[in-house]
Structure formats: structure tokens, C-alpha cells
Amino acid sequence: MYKPQFNKRRVLVFHQFGNKGWSLFSCLGREVVCSVLSVSTLTYASAESVSTHPVVADSVAVSTAREQMLDEVSVTGSRAPLTKSQAARMVTVLERADIQQAPVQSVNDLLKYAVGVDVRQRSPLGGQTDISMRGGTQEQIIILLNGINICDPQTGHNTVDLPVQLSDIQRIEVLEGPAGRLYGTSSLVGAINIVTKAAPTPASPAGEERYALLAEGGSYGYVKAAARILLPPCREGRGGSLSASYSRSDGYSRAKSGALNSDFSGLKAFYQGHYRKDDAVSVNWHFGLSDKGWGSSTAYASPKWQADDQYEHTTKLTAALQATLAWGGVSLRPSLYWNQHQDRYEGYRGRPDLLKYNYNRTDVVGLSLNSHFDWEASGKRRENGQGALADIGAEPTVRNRTAFGAEVRNENMLSGNLGEPLTRPHHISGTDRDYTLGLNRTNMSAFVEHNLLLRNLTVSAGLVVVKNTWADMNWRIYPGIDASLRLGRQWKLHASYNSSLRMPSFTEMYYKLQGYAADPHLKPEEMHAVEVGANFQCSIFNLQSSIFNIQCTLWHHHGRNMIDWIMDTRLGDAAVWQSVNHTRLNSYGVECAAKCSLPISHPLLARPESVALNLSYSYIYQNKDLEEGLVSQYALEYLRHKLVAGIRLPIVSRLSLSANLRWQDRQGQYTDFDGTVNDYSPYAVVDARLSWQQARFELYGEANNLFNAEYRDYGLVLQPGRWLIAGLRVHL
């Protein structure tokens, strides 16, 4: 029996198998955006490059202003907020200006340029995308929206169903490696936090846009319209924003019958509001909707089941209420959130008589509390003349910041084919069918973290204790420690050890259709990782507006009970896909990135501007044994090599060009409809964007896959060829 679009080969397996079965970012006290460098390629940017003032073109005055504000910046990587220079863990940050300059139509496309991130699409325009990091799977990362976990426990395939459009986003933060003590469960190999733009306050920069309209169209019948408006405050201290978008495409391929099989249509809506009383009380809330349908073409087909007209429709709702309260020297940040995800899968589009539609619905409710306080163990102290305390003599003050908190998260699923039999069926709205199966589980966690802050050294250590009601799981402890050493203004060294776990998804435990046999007794996955790295940053030619930054990181992940789907092809027609626990998985990797920003001046430019250059490379190796006849579906497919390069270049005043190259080589194979086994071939894709910017509008043209490369990210699913787009954005 053949595998549809996965890693069929002389199988890479481990020594043994076992078939048994507002969070951190609510702690941030200040806003973080990316460096002066153009990172339209989202290369591995450390927190060392974070600043507080986004611009497109740099100047000496702007750079000087940035340097004066660096001490006020808080960065991610710990439970408690720390300044940029103090951060003990490296974080990739992409700012708003870079998001607007990237030749992409979705967050999914944007993340393709992150050197440590693996993006595999079954459908473009954000239809369905699997995102993983450092050789992991799409189930092993956590996606957060404004610090709220929006992952779907049914399957990681639905994780990136986002209710926000690119124009809503202020920044994107990527943390690679286990982050159990920072984000709780599911953050096995990393986390991505999407932070939306807040409504302006009296302290916001002048000229903040109040209205934004976007219209674009292009190849394959692609059309998109979007709008965003800042809502007038109903009273002092209150405000909000509302955005909506609609996009559609005919698709780039057709089924054998001639009908569309990769078409797409989707609607997004997002509302957020805030209330500020003073520095002691702040409340934020948001509500989002994502509704989309897309032709799944051959996404789940196989030589035995050659369906090429599949279809899927999903609806996601998310709501959250977050507060910040300062009380008696302690900062308290409670959060309450709810996520609902519904999906309908059609094996044959519009033909339930051939194969019944598959319906699922999950509801997640969570409550969390994060808090921190400061204390000092000092030597001699005196006031520095400005009301602040300063160190004197040879006895430096040791500053301490301690964070603690807890979270309760309930996950409930109703399904037509996943879970245990329900005592009472639930009707499926809009159909004549009922949900007859389901599952409910609750995850409880508590954490404590201590940050030791010295003059040139930061040490952040803590642990999370976790218990899940599923399978009577006992309390488990997962520790972590990060350290960074600053050597002057140019060098920063970092090292860390972290651990985490992930509960199996409902699909991994219960999917038993079309040749699949899931195991409801799967064990949770566990990951232990070490990482060391260095970052060097300096000005070139002693120019403040030029920056050169290079970073290199070495990492090792040791996984236990790693979950995968395997097939023993030696069983012939009796072979089925089985979900199993790999007993061990060792992954090794290196990531390097270099960025350079150089000021240029010529007669066609009204003022000096900057050329931004980016280059990054990632290499991953996983050790395992070869066992003839076994096939792995997920865990043993990964990007062996990934190279990303980019440039942002001013041509004339107000006209700029961005170009990005992505080359990658995937480990693994897939089987086509003829039963032929094919290796994943290395490929290179070039994307470009030409933009003309005026004070109130922007005209742009984009070319994705400029040279029309033929490539596959996922088995039989051929990716689109050259895709041309033209657009207009108006902001008032």
C-alpha cells in the first residue's frame, strides 16, 4: 500500500516503538518592534536588534533617538518583562514596516522567510498550512494571538486559521526551542506570537492612520478587498479598532473532470478594544472570525484513492479578555479566553452520497494568571540625582525579578468520527446529522521563574508543573534555564536548557477512517533541548545609520515518545497507517544569519536612505536507524537545508524594490498516482515587490515565484507557478 504524499522510502525509524498511548506576553509592559534593519526576509533576528521606533528609511537622527530609548524596551523570552539588553534568550522579531514590504498575502507566506521555520502548504492564500520549527511537526508548536493560545486540539492542520489580516499586525515574535515554562504545553519546539496594532493613545506618534483601505488583484482570478478603522472612543481612556477582509481565487489547478480543485474564498473580521484608567489598571479585549473554504485538490489522495476534487470549509471564532493590575508592588495579569473551531471535510466535493462529510467542532476555554515583582539584594546604595538608585563602590546591586502564575485550559470536542461515544448526541447545525462522538480534557499548569540581573549577565531559571485529566496523568515537572553574557557593546553570548511536553491531538488518538488506525493510548511527547549561540553587532565605517549584525546558534533536541504515523508496507493490502510513539529522537542543527544596513545617497533620492541585505542558513540532522518496509508520515520529514537571502533597495524617491530568495532541500520522499516513489527535490523560489509610496497611499506590484519554478512542499500537491499581483493601499 502506498503513502499519499508523505515520506515513503527505506524507512527512517527509531530503535523502538511504543503504541501506547494571556500568558507570557501579557507580562510585557512595553511595546516591542524590530530593529532599524529591513527584515522583509524575516531572517533570524535576535532580541539584540529590537528597538522602539519603526521606520522604513533610516537617518542619523532617528538612530540616535533609538539608542536613547533602548533601556525602555521589553523583549520576550521570559515570563517577566526584561529590557532588550537584559534578555537571556534570543527571539526573532518582525516589525510592522517589514510586514508591509514583504511580497506575501498571508502570515503563512511571511513565515517562509524565517530561517528556523518550516512552512508546508496544501493550499495558498492561507488555505491550509502546516508550520513547524527545527525539524518538528505542525503539532509541536504553539500559535498565540496577543499572547493567547489559539491552537486547535483536534489537529495542528488548523493552527494557522487566523482572524487577522496583515494590516492588523504590529509585530510577529518567534521563539525557537521548547518553551514549556513560558507558554505551557504544546510549545514543544517553539512558539509564534502575533501582536496586533493597538489603538493610538495620547503618547502615540503623530500621523497614526485612522482609516485604511486595500484592494488588490492578480493571477488565477485572485481578488482581495480589506478595510480597517479606528473606532472613536466613547469616553476618555477607551478606544478600539475594527477590520474586515474578503479574498478569493479560482485556483491554479483543475481536477480531471475540469472542475476547480484549488480555489479559495475567505472572510476575516477582527475587533479589539481597550480601557486605560491609569498606570495601575489596563484592560484589553478582542474578538475574531475566520471563515474560509478551499479546494483540497490531491491533498489527501493516494494511488489507491485518487480523489482530486476534495474540499474543506472551516470557521474559527476567538475571544479574549486581558487585564493588567498593579497592586502593592506586584503586577497581576489575568486572562480569560475562548476559541471555537468548526470544520467540514468533503472527500468528494458536493457528493456526500459517495463519502459522508466529516464534521468536527472544538471549544476551548482558558483562564490564566501571570504576575511578577522585583526585589534587590544590594551593597552600598545612593541616589543618582534623578530619584533613582545607583550602585557605588565595588559592591554591585543584584536585581531580582520573580514571576509566578497558573493556567487552566479545558478542551472539548464533538465529532462524527473522533473520540468516545457520547451519552447524548448533539445536532450538527445546518444538517440532518448528529455529533455522536467526543472527548473532554482539562490541562492544569503552574509556573515559577526567577530572573537574576547583574551588570553584564542575566540568568533566567524556572519550571512549570503540568497535569492533564486525560488518562489520569500525574503531575509532571519541566524545568528550564537561560543565560546571556554581554561583552561590551558588540558581543552577546547566550546558552539555555529547556524542556516541555505536548499532549496528543484528538486526531492522533482517534482517527480511524480510510486506512488509518489511531491509538487512543498515546503517551505525551517530551522534549529536552540545549542551545548555545553568539551575536555580534556594530556600526560600519562608524556611521550610526549603518549596522552589521551576525548571529550563529547551535542546538540539540532530544525527544521522547515522539508521535508519528507509520505504515509497514510489508503487510501489503493489509497495511494501514498507525499512530505510534517513537521512543527516541535526536536532532542537531545550526542556524546562522547576517544582516547589513548601509546608507546610500544619489541624485534620484530626496534624502539618504538605506539598503538592507539579509542572508541566513539552517542545517538540520536527525539520527535514526533504517528499517526496510516502514514508512513515516510526519516526524521523519524535515528541511535538511534552508537558505534565505533578501534585499531592500531604494530606486528613486518613494520607489523601492524588495526581493527574496528561498532555497531549501527536504529530507524524504512521496508516492505519485502511478506508485512511483519520488524524492523531494531541492528548489529555489524568488519573490519580489515594487512599491511606490506617497503620504496617503501606496501602489505596488508583486511577483511570487517570479521564475515559475515547479516544486512541492507536500507530496502530490504541486505549488502555484508565477503569481502576479497589483494593489492599492490608502491610509488616512
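We're numbering straight along the sequence, starting at 1. All values below were derived from every heavy atom in this structure, side-chain atoms included, with hydrogens, water molecules and symmetry-related copies excluded.
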Would you say [X]'s side chain and [Y]'s backbone share a donor-acceptor pair under 3.5 angstrom?
X	Y	value
Glu411	Val365	no
Asp309	Tyr348	no
Arg248	Gly221	yes
Asp168	Thr196	no
Ser219	Leu724	yes
Ser187	Gly190	no
Lys316	Pro163	no
Lys197	Gln170	no
Tyr252	Leu718	yes
Arg722	Leu706	yes

Could you tell me if [Y] and [X] have a donor-acceptor pair between their side chains, going purely by distance under 3.5 Å?
X	Y	result
Asn261	Ser253	yes
His313	Asp291	yes
Asn412	Asn440	yes
Tyr714	Arg122	yes
Tyr337	Arg409	yes
Glu407	Asn149	no
Tyr222	Glu216	yes

Cation-pi check for Tyr211 against Arg228: NZ or CZ below 6.0 Å from the six-membered ring centre and within 45 degrees of the axis, yes or no?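 So Arg228 doesn't make the cation-pi contact.
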
Could I get the full list of side-chain contact (heavy atoms from CB on, under 4.5 Å) partners for Tyr345, not counting sequence neighbours?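 Per chain and number, Tyr345 pairs via side-chain contact (heavy atoms from CB on, under 4.5 Å) with Tyr300, Trp305, Gln310, Glu312, Asn358.
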
Report the residues that fulfil side-chain contact (heavy atoms from CB on, under 4.5 Å) with Ala695, sequence neighbours left out, ordered by chain and then residue number.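 Result, side-chain contact (heavy atoms from CB on, under 4.5 Å) vs Ala695: none returned.
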
Using the side-chain hydrogen bond (donor to acceptor under 3.5 Å, both in side chains) rule, take Tyr275 and Arg238 through it: C-alpha gap first, then chi angles, then the decisive distance, then the call. CA-CA 5 Å; Tyr275 168 74; Arg238 296 187 181 181; 5.7 Å; no

Pairwise distance [atom1]([X]) to [atom2]([Y]) - rounded to 0.5 angstrom:
X	Y	atom1	atom2	answer
Tyr700	Leu655	OH	CG	15.5 Å
Asp130	Arg120	CG	CZ	7.5 Å
Arg433	Tyr357	CZ	OH	10.0 Å
Asn158	Gln128	CG	CD	6.5 Å
Asp118	Ser132	CG	OG	4.0 Å

Non-hydrogen atoms of [X] and [Y] that approach each other most closely:
X	Y	result
Ser123	Thr129	O-OG1, 4.3 Å
Arg729	Ala212	NH2-CB, 4.4 Å
Ser691	Glu698	OG-OE2, 2.5 Å

Any ion pair linking Arg689 and Glu702 (charged N to carboxylate O, less than 4.0 Å)?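 Answer for the salt bridge query: yes.
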
Do NZ/NE/NH1/NH2 and the carboxylate oxygens of Arg254 and Asp263 come within less than 4.0 Å?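 No, this pair does not count.
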
Walk me through whether Gln121 and Asp713 qualify under side-chain hydrogen bond (donor to acceptor under 3.5 Å, both in side chains). CA-CA 6 Å; Gln121 288 187 322; Asp713 276 330; over 6 Å; no

Tell me whether the centres of the aromatic rings in Trp723 and Tyr220 are closer together than 6.0 Å.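 Yes - the distance between ring centres of Trp723 and Tyr220 falls below the 6.0 Å cut-off.
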
Between His286 and Phe270, does the ring centroid distance fall short of 6.0 Å?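 Here the rings of Phe270 and His286 have centres that are less than 6.0 Å from each other.
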
Run the side-chain hydrogen bond (donor to acceptor under 3.5 Å, both in side chains) test on His274 and Asn284 for me, step by step, so that the C-alpha distance in whole Å, both residues' side-chain angles and the decisive distance to 0.1 Å come before the verdict. CA-CA 4 Å; His274 73 262; Asn284 299 275; 5.2 Å; no

Audit row: Asp161, Ser290, side-chain hydrogen bond (donor to acceptor under 3.5 Å, both in side chains) steps and yes/no: CA-CA 7 Å; Asp161 284 2; Ser290 172; 5.5 Å; no

Restricting to ring pair (Phe, Tyr, Trp, His ring centres under 6.0 Å), what partner residues turn up for Tyr711, sequence neighbours left out?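 Ring pair (Phe, Tyr, Trp, His ring centres under 6.0 Å) list for Tyr711, sorted by chain: Tyr683.
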
